[in-house]
Amino acid sequence: MPEQPRYERKGAVAGTGMGGAMDLAASEATTLQRGPEGPAGRPRSLWSDAWRDLRRNPVFLVSATVILFLVLISLWPSLITSGNPLVCELSKAQEGSQPGHPFGFDGQGCDVYTRTVYGARTSVTVGVCATLGVAVLGSVLGGLAGYFGGGWDAILSRATDIFFAIPVVLGGLVLLSVVTGNTVWPVVGFIVLLGWPQISRIARGAVITAKQHDYVQAARALGASDTRILLRHIAPNAVAPVIVVATIALGTYIALEATLSYLGVGLKPPSVSWGIDISAASPYIRNAPHALLWPSGALAITVLAFIMLGDAVRDALDPKLR
């Protein structure tokens, strides 16, 4: 019989599944054994891939930079202004830009620049706190309903239908009109009260999908408790859509707070809020349009930044878009 040809390349031999063999290079054989890896040889995951995509996404970089700046001036507004938003001079009412006052003055003689800077604190506080409350409450209720099903699922479904039927602005006018406090917490509580059904439905659907996977069935067959299955196996794989929806909703909650404050049922003077400043500047739009332009522009940029961030996170976490 003729001698079989020899291959000079040193590699590995992998079975073809049909009785033959396939010669592989050493690097190719290692890839088959280990699977896809990330930097430094670490196994790749959804979160590592998402972070890699986000760092290369200019939309994420721009929106994250704007949001980081808003967080910084919310925590330390004195970094970019030394004025007091509650100190006003009626003699300067409706005056335009001046040295030291680049945005001019409003109808009460208050520095528009200082009030715009301090207004970021209210908007960011309401948006972040409301989003955390909505995400936690909606995820817990929706996750339990999706996992256990039955009567609990039916009750939650009917409850979400009732809350979806309540107009948000009208509900705020009714509920917040009886609140006498002048802090952000009544507004945060109202947003959480009417905002959790959306997150609840997202979490319910994600849990129903995750609990049908083989690794959940295997954990149940090995005797794992419901608590362990929910926390260790289902929650990490069902949290991605909740994060996406919550990030986009954060900008919506900021706009909702400004709307309620504009209508006079959210925050009230002497609190500093973009909604309050927009409401106060509306009657003077012809004589002092700058007093309306700057807080409105800050509000629009803030809402847009959070919506853009949510879109970037959605694109990074959705495997169908890769």
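Remember, predicted model here, so these are calculated numbers, not experimental data. In this chain, numbering begins with 1 at the start of the sequence shown.
Side-chain contact check for Val272 versus Leu86: some heavy-atom pair is nearer than 4.5 Å. Between Ser261 and Trp274, the closest side-chain pair of non-hydrogen atoms is not below 4.5 Å. Under the 4.5 Å side-chain criterion, counting only non-hydrogen atoms from C-beta, Phe163 is in contact with Trp196. Proximity of Leu256 to Thr252: side-chain heavy atoms (C-beta onward) are nowhere separated by under 4.5 Å. A 4.5 Å side-chain heavy-atom check between Ser200 and Leu156 finds at least one atom pair inside the cut-off. You'll find the side chain of Ile73 stays beyond 4.5 Å of the side chain of Leu79, heavy atoms only. The closest side-chain heavy-atom distance from Asp53 to Asp315 is not below 4.5 Å. Inter-residue side-chain proximity for Thr125 and Ser74 is flagged as unmet; no heavy-atom pair is nearer than 4.5 Å.
Under the 4.5 Å side-chain contact rule for hydrophobic residues, Ile307 and Val62 do not share a cluster. Leu75 and Ile80 fall within a single hydrophobic cluster, where Ile, Leu, Val, Met, Phe, Trp and Tyr are joined by side-chain heavy atoms under 4.5 Å apart, directly or via other members. When hydrophobic clusters are built by joining Ile, Leu, Val, Met, Phe, Trp and Tyr residues whose side-chain heavy atoms come closer than 4.5 Å, directly or via intermediates, Leu292 is not grouped with Tyr118. Under a hydrophobic-cluster definition in which Ile, Leu, Val, Met, Phe, Trp and Tyr are linked whenever side-chain heavy atoms come within less than 4.5 Å, directly or via other members, Leu250 and Trp185 are assigned to the same cluster. Hydrophobic clustering of Ile, Leu, Val, Met, Phe, Trp and Tyr side chains at less than 4.5 Å, counting indirect connections, keeps Val174 apart from Val187.
For Ser296 (side chain) and Leu293 (main-chain N/O), no donor-acceptor pair under 3.5 Å exists by modelled atom type. The closest donor-acceptor contact from the side chain of Thr81 to the backbone of Ser78 lies at 3.5 Å or more, if one exists at all. For the pair Ser282 (side chain) and Ile278 (backbone), a donor-acceptor distance under 3.5 Å is present. For the pair Ser271 (side chain) and Leu267 (backbone), a donor-acceptor distance under 3.5 Å is absent. In this structure, Arg115 contributes its side chain and Pro85 its backbone to a donor-acceptor pair below 3.5 Å. Asn182 places a side-chain N or O within donor-acceptor distance of the main-chain N or O of Lys268, the cut-off being under 3.5 Å.
When each of Val245, Leu194, Val192 is paired with Val134, the side chain to side chain contact (heavy atoms under 4.5 Å, CB included) condition holds for Val192 and for no other.
Under the 30°/60° scheme for interplanar angles, the aromatic rings of Phe103 and Tyr113 are found to stand perpendicular.
The OG1 atom of Thr160 sits 12.0 Å away from atom CD1 of Ile155, with the distance rounded to the nearest 0.5 Å. Atoms CD1 and CD, from Ile234 and Gln212 in turn, are 10.0 Å apart once rounded to the nearest 0.5 Å. One finds the CG atom of Leu299 at 7.5 Å from the OG1 atom of Thr259 (value rounded to the nearest 0.5 Å). In this structure, OH in Tyr284 is found 12.0 Å from NE2 in His290, a value given to the nearest 0.5 Å. Residue Asn57 holds its CG atom at 8.5 Å from CE of Met308, rounded to the nearest 0.5 Å. Between Arg228 atom CZ and Arg220 atom CZ the span is 14.0 Å, to the nearest 0.5 Å.
In plain terms, the two heavy atoms of Val242 and Ile202 that are nearest each other are N-CG2, 4.1 Å. In terms of heavy atoms, Leu54 sits closest to Phe60 at O-CD2, 3.1 Å. The heavy-atom pair separating Leu144 from Leu230 by the smallest distance is CD2-CD1, 4.2 Å. Lys92 and Phe105 make their closest contact through O-CB, 3.2 Å (heavy atoms, listed as atom of the first residue, atom of the second, distance). Scanning both residues, Pro102 and Ser97, for their nearest heavy atoms gives O-OG, 3.1 Å. Looking at every heavy atom in both residues, Gln217 comes nearest to Lys211 through NE2-O, 3.0 Å.
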### Message
I'd like to know whether Arg204 forms a salt bridge (Lys or Arg N to Asp or Glu O under 4.0 Å) with Asp153, so could you lay out the CA-CA distance, the side-chain angles of the two residues, the decisive distance to 0.1 Å, and finally the verdict.
### Response
CA-CA 9 Å; Arg204 174 182 175 274; Asp153 189 15; 2.7 Å; yes
### Task
Could you check Phe190 against Leu260 for side chain to side chain contact (heavy atoms under 4.5 Å, CB included), going step by step and ending with a plain yes or no?
CA-CA 11 Å; Phe190 165 75; Leu260 295 174; 3.9 Å; yes
### Message
side chain to side chain contact (heavy atoms under 4.5 Å, CB included) for Ile248 and Phe306? Distances and angles first, verdict last.
### Response
CA-CA 6 Å; Ile248 297 176; Phe306 279 105; over 6 Å; no
### Query
Checking side chain to side chain contact (heavy atoms under 4.5 Å, CB included) for the pair Ile199/Ser139: CA distance, chi angles, key distance, verdict?
CA-CA 6 Å; Ile199 298 293; Ser139 298; 3.9 Å; yes
### Task
Decide side chain to side chain contact (heavy atoms under 4.5 Å, CB included) for Thr114 and Asn84; before the verdict, give the C-alpha distance in whole Å, the side-chain angles of both, and the deciding distance to 0.1 Å.
CA-CA 7 Å; Thr114 302; Asn84 188 337; 5.8 Å; no
### Message
Applying side chain to side chain donor-acceptor pair (under 3.5 Å) to Glu257 and Thr122, what does each step give before you reach the verdict?
### Response
CA-CA 9 Å; Glu257 178 275 324; Thr122 300; over 6 Å; no
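The environment of CG in Asp214 is sparse: at most 12 heavy-atom neighbours from other residues, nucleotides or ligands sit within 6.0 Å. Annotation for Gln108: atom CD does not count as buried by contact number, only 12 or fewer foreign heavy atoms lying within 6.0 Å. Within 6.0 Å of the CG atom in Leu61, the count of heavy atoms belonging to other residues, nucleotides or ligands exceeds 12.
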